[in-house]
Amino acid sequence: MKKMIVMAALAMGAMSASAQTAIEEPGFFDNFSIGLDGGVATPMTHHAFFGNMRGVAGINIYKQVTPAFALGVEGAFGVNTSSWRNRVHSSTAFDNSYVGAFGAVDLFNLFGGYNCEGRVFDIDVVAGAGWGHLYQSGDVPDHNYFATKVGLNFNFNVSPNVTIALKPSIVWDMSDGGAKQSSASYNANRATVNVMAGVTYHFGDGFQCVTPYNQAEIDALNGVINDLRGTVEAQAAANVALQEVNNGLAADLAACMSRPAQVVKEKSTDLSSVRYIFFKVGSSNITADQKPNVEMIAAYMNNHPKSKVVIKGYASPEGNEEFNIRLAQKRAESVKDALIKRYKIAADRITAEGEGIGHMFSEESWNRVSICTLEETK
């Protein structure tokens, strides 16, 4: 029955490792601890409890495999008291020793889950087995035996790295006491009760909690990033194309301005002349390379006091339609304001109208324009 309980506890401890999905996987050399113990031991039956009590000192080293399960080795040595009572006794300072391996299950972490910050108090169930030895002298040979152990550790975690514990336990001499000592059994007459107090130092930072990432969210964010990259690249390509158009227009303007002036004699006083003011994308500001065209209109109107001008603003089809309609009006008003403010042309001689999106030119960038038609009033 006791064996079944121990095996069930070990199985539950192993299962808890898979349940800690938010625990970062530790390395092999992480989460080791070393402890020193001191206390007393006394036979379980047929002896005076306090009269046969003796001191015990021990050491243990273990690794916390999961937050709920640990594996380790330990040794315990009973102080020589037999010589005080003239019994068969050891010639050393110790009457007996126990060296064995053990497993420990943290009940709080097993059933309550690891809380990532550590608990001030918890309880371990400990089970182990190992080699027991009675030191004797004279003609009586030393007694070696297979031993098992079960117990509880009441742990007070005074800091992340230091634990003080009270450790009651029972250790069984599993031999039957015969000469061959070939069979094993749990016998209260061959068991000792141990009560130990110990201090343990834990190396490292213990188990670290991590927040599991959501692959679906990461995939969605990567999709957004890729879309933005595509938009940026497309906009960069569009800007390059617009700059090439602007450079071409500037070159054409420079070529026109470098041509020698020609005098054209009009045979008729009836004059109808058209001038174009081009704009940058999304803008209604008159750039420096377009100001000569505005100046030409102003010069003509100053030389012909009865002349008038009709300005019609247009926008290319890129972007929001409502925005482009307002932009077309602003382009017409921009030329009108320049004629009035800079060249002092009377407002009643100027008509400015926004015509919305233009389709006059097959080259869409040329449709970002104000077309100014000069009319001579007789």
Side-chain angles (χ1 to χ4, degrees), residues 1-17 33-47 49 52-78 95-112 121-134 143-156 163-177 181 183-200:
M1 182 62 181
K2 293 184 176 67
K3 292 181 180 179
M4 294 178 61
I5 293 173
V6 171
M7 294 301 295
L10 294 177
M12 288 188 292
M15 291 171 56
S16 68
S33 302
I34 183 169
L36 297 175
D37 301 324
V40 295
T42 189
M44 180 177 284
T45 61
H46 300 300
H47 294 82
F49 188 86
N52 288 275
M53 186 174 290
R54 70 183 64 199
V56 180
I59 185 171
N60 61 82
I61 300 173
Y62 66 90
K63 175 179 173 62
Q64 196 72 35
V65 181
T66 74
F69 182 61
L71 286 174
V73 293
E74 62 179 338
F77 303 87
D95 271 346
N96 60 80
S97 65
Y98 166 78
V99 177
F102 68 90
V105 177
D106 187 316
L107 297 179
F108 286 24
N109 287 340
L110 177 64
F111 296 107
F121 174 75
D122 56 32
I123 300 175
D124 294 338
V125 174
V126 181
W131 168 58
H133 184 79
L134 293 179
H143 174 46
N144 294 292
Y145 57 92
F146 174 63
T148 59
K149 173 183 176 179
V150 294
L152 295 173
N153 292 347
F154 298 93
N155 301 312
F156 299 88
T163 297
I164 296 174
L166 179 64
K167 303 178 177 181
S169 64
I170 300 175
V171 177
W172 282 274
D173 177 351
M174 300 298 291
S175 64
D176 61 0
Q181 301 178 4
S183 63
S185 63
Y186 287 96
N187 188 334
N189 296 322
R190 306 187 64 79
T192 59
V193 177
N194 302 293
V195 179
M196 308 280 279
V199 58
T200 302

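These values consider heavy atoms only, across backbone and side chains, with no hydrogens, waters or symmetry-generated copies.
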Closest approach of [X] to [Y] (non-hydrogen atoms, all atoms of both residues):
| X | Y | result |
| --- | --- | --- |
| Phe146 | Gly130 | CD1-O, 3.6 Å |
| Val56 | Ala41 | CG2-CB, 3.5 Å |
| Ala191 | Ile170 | CB-CG2, 4.1 Å |
| Val171 | Ala147 | CG1-CB, 4.2 Å |
| Tyr98 | Ala129 | OH-C, 3.4 Å |

Starting at [atom1] of [X], measure out to [atom2] of [Y] and round the result to the nearest 0.5 Å.
| X | Y | atom1 | atom2 | value |
| --- | --- | --- | --- | --- |
| Met196 | Leu166 | CE | CG | 11.0 Å |
| Leu71 | Lys63 | CG | NZ | 10.0 Å |
| Phe69 | Leu110 | CZ | CG | 11.0 Å |
| Arg54 | Asn194 | CZ | CG | 10.5 Å |
| Asn144 | Asp173 | CG | CG | 10.5 Å |
| Asn96 | Tyr145 | CG | OH | 5.5 Å |

Inset, instruction - Would you check if there is a donor-acceptor pair between the side chains of Asp124 and Asn155 at a distance under 3.5 Å? - result: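 Yes - a donor-acceptor pair under 3.5 Å links their side chains.
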Inset, instruction - Sorted by first residue and then second, give each salt bridge (charged side-chain N to carboxylate O under 4.0 Å, His left out) pair with at least one member in residues 34-43; sequence neighbours left out. - result: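 Listed by first then second residue: Asp37-Lys167.
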Legend entry - For Tyr62, all residues meeting side-chain contact (heavy atoms from CB on, under 4.5 Å), sequence neighbours excluded: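 So Tyr62 forms a side-chain contact (heavy atoms from CB on, under 4.5 Å) with Ser33, Asn60, Gln64, Ala70, Phe102, Thr200, His202.
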Legend entry - Ile59: partners by side-chain contact (heavy atoms from CB on, under 4.5 Å), with sequence neighbours left out: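 side-chain contact (heavy atoms from CB on, under 4.5 Å) check on Ile59 returns Ile34, Leu36.
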Inset, instruction - Decide yes or no on side-chain contact (heavy atoms from CB on, under 4.5 Å) for Phe108 and Ile123, but give the supporting numbers first. - result: CA-CA 7 Å; Phe108 286 24; Ile123 300 175; 4.2 Å; yes
